[in-house]
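Naming: A, B, ... by sequence-line order, numbering from 1 per chain. Computed over heavy atoms, backbone and side chain alike; hydrogens, waters and symmetry mates excluded.
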Protein chains: 2
Amino acid sequence: MSTQRVTRQRTALRELLDELDEFRSAQQLHAQLLARGAGVGLATVYRTLGSMAQAGEVDVLRTEQGESLYLRCAPLAARTHHHHLVCRVCGRTVDVAGPNLEEYVDGIGRGQGFVDVEHTLELRGTCAACAG
Amino acid sequence: MSTQRVTRQRTALRELLDELDEFRSAQQLHAQLLARGAGVGLATVYRTLGSMAQAGEVDVLRTEQGESLYLRCAPLAARTHHHHLVCRVCGRTVDVAGPNLEEYVDGIGRGQGFVDVEHTLELRGTCAACAG
DNA sequence: ATGGATGCAAATATTTTGCATTTTG
DNA sequence: CAAAATGCAAAATATTTGCATCCAT
């Protein structure tokens, strides 16, 4: 059985993620790590983000252009199925939990005779601050 | 002002799309075109799908792995905001229109002080036929 | 004939992977 | 000390683009 090791690189990435509340790409995170003097390889950033995503420690989002963006959600939200409301101007992200929504959506699937229905929902808008 | 020209390649692609009711990648579509003897370049397939998507003639979906999938929806659905319920086994896709959903979702955004909220929703399940 | 469309190959962009080396537990 | 993690560069993916040629209008 495999063990997770705490390395300087992973610690640095985790610390950086904790400071952010906006989705960032692996490349952006890598650049920011270098900028603050934490020498980390790009491949390591990808590998670490990958395992964090798999462990549910970060949420992943795909850009329209197919780029993966990562964000560390609040510990609580991380363990529950939730969605994101992202500001299209500043990128700030708010977690959205909607029990009613979950039911409604699953109901649609069942209505079509589908079972084991999963769903993905993403919201994009302009936040109060950016709307002026 | 630019004009759209009807070429052998575009006609072939459009005909192929009309026969399908499952999301397919540009590469898959290209292979299928070659298989049926319609010599078409991969780049042309990408370019054509791109313009069809922009014109709202096909719907685009991004795979978890970042691949773009295309499907020609029913003419009616194509003009309205809608979502897809995709069978994870056979790929068969059903269009889902949900006025209640739209309202509900937009309400969430406004509740957080966001304006001009858009959303994306995708449903994945197992259809009756595949569930056995 | 004229400008849009095509094909091919080269270029992009992102993410993954092989492997020798370093590091953690 | 063994297993896991890292770094780098090469490889793999997916899609785009430059450009000469072709063809629909």
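B/H84 places a side-chain heavy atom less than 4.5 Å from the side chain of B/D59. For the pair B/S25/B/Y70, no side-chain contact is recorded, criterion being any heavy-atom separation below 4.5 Å from C-beta on. With a 4.5 Å cut-off on side-chain heavy atoms, B/E22 and B/R24 count as touching.
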Let me have a per-nucleotide readout for nucleotides 7-13 of chain D, 5' to 3', with B, S or -, counting only protein heavy atoms under 4.0 Å. BB-----
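Within 4.0 Å (heavy atoms only), A/Q65 reaches no atom of the nucleic acid at all. B/S68 comes within 4.0 angstrom of the backbone, heavy atoms only, and of no base.
Per the geometry, CD belonging to B/Q54 stands 11 Å off P belonging to D/dT16, to the nearest Å. One atom, CD of A/Q28, and another, C1' of C/dT15, lie 15 Å apart when rounded to the nearest Å. As a whole-Å value, the separation of B/L13 CG from C/dA5 C1' is 14 Å. A straight line from CD of B/Q27 to C1' of D/dT16 spans 12 Å, rounded to a whole angstrom. Put simply, CG on A/L29 is 14 Å from C1' on C/dT14, counting in whole angstrom units. As a whole-Å value, the separation of A/L49 CG from D/dT6 C1' is 15 Å. Following rounding to the nearest Å, A/L69 (CG) and C/dT15 (C1') show an atom-to-atom distance of 14 Å. Separating the NE2 atom of B/H30 from the P atom of C/dT6 is a distance of 12 Å, rounded to the nearest angstrom.
The phosphate of C/dT6 has OP1 or OP2 within less than 4.0 Å of a side-chain N or O from B/T7. In this structure, B/Y46 reaches the D/dT15 phosphate: one of its side-chain N or O atoms is under 4.0 Å from OP1 or OP2.
Aromatic rings of A/H119 and B/H83 (six-membered ring for Trp) have centroids beyond the 6.0 Å cut-off, not under it.
Ion pairing between a basic and an acidic side chain is recognised when a charged N comes within 4.0 Å of a carboxylate O; A/E19 and A/R36 show such pairing. Salt-bridge formation is not detected for the pair B/R62/A/E64: no Lys NZ or Arg NE/NH1/NH2 atom is positioned less than 4.0 Å from an Asp or Glu carboxylate oxygen.
For residues 41-50 of chain B, the pairs satisfying side chain to side chain donor-acceptor pair (under 3.5 Å) are B/Q27-B/Y46, with sequence neighbours left out.
Side-chain proximity of A/R5 to the nucleotides C/dT6, D/dT15, D/dA5 is greatest for D/dA5.
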